[in-house]
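Heads up: the structure comes next, in structure tokens.
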There are 2 protein chains.
Amino acid sequence: MKRITIRDVSERAGVSTAAVSYVLNGREGKVSSETVAKVRKAVEDLNYIPDFSARSLANNKSKLIGVVIPQTEDRKQLLLQNPFYSELICGIEARLRQSGFHMILSGVEKGEGYLDTSMQRNLDGAIITGIYQESFYEDLKKVRMPIVLVDSYVYDSHFHVVGIDDELGGYLATRHFIENGHTNIALVTGLIRKDGVVEKRFLGYKRALKEAGLFYNPDHVFEHSVTYEYGQEAARLIATKYPEITAVFATSDLMAMGVMQGVRDEGKEVPEHISVIGFDDISVARMCTPPLTTIKQDAIAKGIMAAERLLAAIENPDAEHSENLMVMPLSLIERNTVRKLP
Amino acid sequence: MKRITIRDVSERAGVSTAAVSYVLNGREGKVSSETVAKVRKAVEDLNYIPDFSARSLANNKSKLIGVVIPQTEDRKQLLLQNPFYSELICGIEARLRQSGFHMILSGVEKGEGYLDTSMQRNLDGAIITGIYQESFYEDLKKVRMPIVLVDSYVYDSHFHVVGIDDELGGYLATRHFIENGHTNIALVTGLIRKDGVVEKRFLGYKRALKEAGLFYNPDHVFEHSVTYEYGQEAARLIATKYPEITAVFATSDLMAMGVMQGVRDEGKEVPEHISVIGFDDISVARMCTPPLTTIKQDAIAKGIMAAERLLAAIENPDAEHSENLMVMPLSLIERNTVRKLP
DNA sequence: TTGTAGGCGTTATCAT
DNA sequence: ATGATAACGCCTACAA
């Protein structure tokens, strides 16, 4: 069964391929309504479906968006196990599809770049989440498609950025502990990398401590790649070696939940013995017991926003780039994991 | 900045474009090792990156795989909020990338087909999860790319299938309750659809009841689309209207966790008042409190397997189709949500 | 072994 | 308003 081409349609409709192309692309000003009707009918009859590869070749528009998310270091798998990314992807995909774009979702090997993929596929744009080495971004700048960075503090006029005020989030969480009488507050966090979100959350944590006249103790910072298991581990360390700690600010809900489990593993209770605040407000945060107090951000909305910024930039390649930083709202959600100390 | 083409490479290397194409595609038998070296050098020097659109146009191979997962009915967003799908996707993407393929991830609108996408993008294959209407599959059969159905009981020689023995899963869970002395066992389940996985799990549930000489009570079946919230709702109903029920088999962990929360909302405890078994063993199942007894399947492995089957079918289009059903292992994981009745 | 040239499906530039 | 026709980048008979 051979493919139906634009030529088949043109013959059937008794017009030229150019005419068909015009009506297909909505340039209907250029063609008589009679021709439009004939073409539409032929398209319908033949069940014609355009070939995007050919289109891409002819006009460099692929209707394809590259989406990159971090992957686990060990198994090279997407970090989708962190629900935050799942939700982000949901938002991106939904918005993209709504505008007739498709999404190529992939991780990128450590040390590899994204230039190859972007050129091979003639991507119309890309959404990048996670933090990479300098050269990765330098590479990306060489390509002329619009790029949206999600959760990055790599400011550069080449990139659009969608994020939140991570420093504020860290500050709010820590201050909430302080307001509830806590003075020994641990930080359980993902790897603190330059220009990354956790670095800012860490900064907010320190600011709140300083503001309250509290001593910042580096021993109370537990840093590791973002996993549930390390949350458990950190709780264990805290219970056994740092009895003075009464509160834990985890820079992601995933770790916070690990901490909660770890606390219980040690025969203690949340929040009776240890208070916990997380970050993200992934959907399980309200499902766990006790429901987790956390810094809420709306990952789905973030994804939708990232997609929208990208689509706008694709529409209008040389628009004002001054307004290329979008900061989404965030708030502290009080649930049941923070105890008020007397 | 113009694109580097195969012609640029050929000129730089002082050979023909055909020669370049040959070494690029590994047909090195057709070309002298000297030429190979020259071409490689030129490719390197020029930083040549092939255009997959052009390739796809020329030989109908796109190195692109379509992956379809269900979406929420209301918001048209991917069902990634169910970690089971996240993990599945992780497996698929990792395996695909390893072989140089890219994945287009998308949902499909109710009533829409996937034929358009598959033709537009010249997909080399597709992995479909979820259950759709008859016509969806009929459509899919018209296209000649290999297709792997994950978790489907739509047997057809056109499709490869990767799944588990869902009926057995349902049976094992139910029997486990019975062995622990439970006789009034509710089923909290996603929509029971023909040829879907939950239908089989439901069948397994009934078989176990029957085998034990227990009465199957339709009132004890709580059916709804798969959400955490409905799990809560079902628990509420059970607590208030069906006090005789002592055990709940949920056909997905997501619902099981909702049930657990719902039970607590009613001031009762798991497993003291209500025992719970889930299905899937998503990663949070072991993280929740108490850790959830569940039917374990390895979603990541399932994804990898699905990708592998597809890749094999692409390699070898007219291979034996008799072995196109792959059943992955499954097992009951005992944790702490089932109480042994006296 | 190597090179030439035609074709893949579409868009865009010209004439008409 | 419409229709030839030349790109677009690559592959692959076929010819040399």
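The chains referred to below are lettered A, B, ... by the order of the sequence lines, with proteins before strands, and numbering in each begins at 1.
Ion pairing of B/Lys41 with B/Asp45 is present here, as a side-chain N (NZ or NE/NH1/NH2) and a carboxylate O approach within less than 4.0 Å.
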task = For nucleotides 7-16 of chain D, just jot down a letter per nucleotide in 5' to 3' order: B, S or -, based on protein non-hydrogen atoms under 4.0 Å.
result = -BBBSBB---

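B/Thr35 comes within contact range of the sugar-phosphate backbone alone, with a heavy-atom separation under 4.0 Å but no base atom that close.
Judged by distance alone, the side chain of A/Gln71 and the main-chain N or O of A/Val108 form a donor-acceptor pair under 3.5 Å. A/Tyr155 places no side-chain N or O within donor-acceptor distance of the main-chain N or O of A/Ser152, the cut-off being under 3.5 Å. Not one N or O on the side chain of B/Tyr114 forms a donor-acceptor pair closer than 3.5 Å with the backbone of B/Phe136.
The side-chain contact (heavy atoms from CB on, under 4.5 Å) check on A/Thr17 picks up A/Ile6, A/Arg7, A/Ser10, with sequence neighbours excluded.
One interatomic measurement links the two molecules: CZ of B/Arg121 to C1' of C/dG9, which rounds to 15 Å at whole-angstrom precision.
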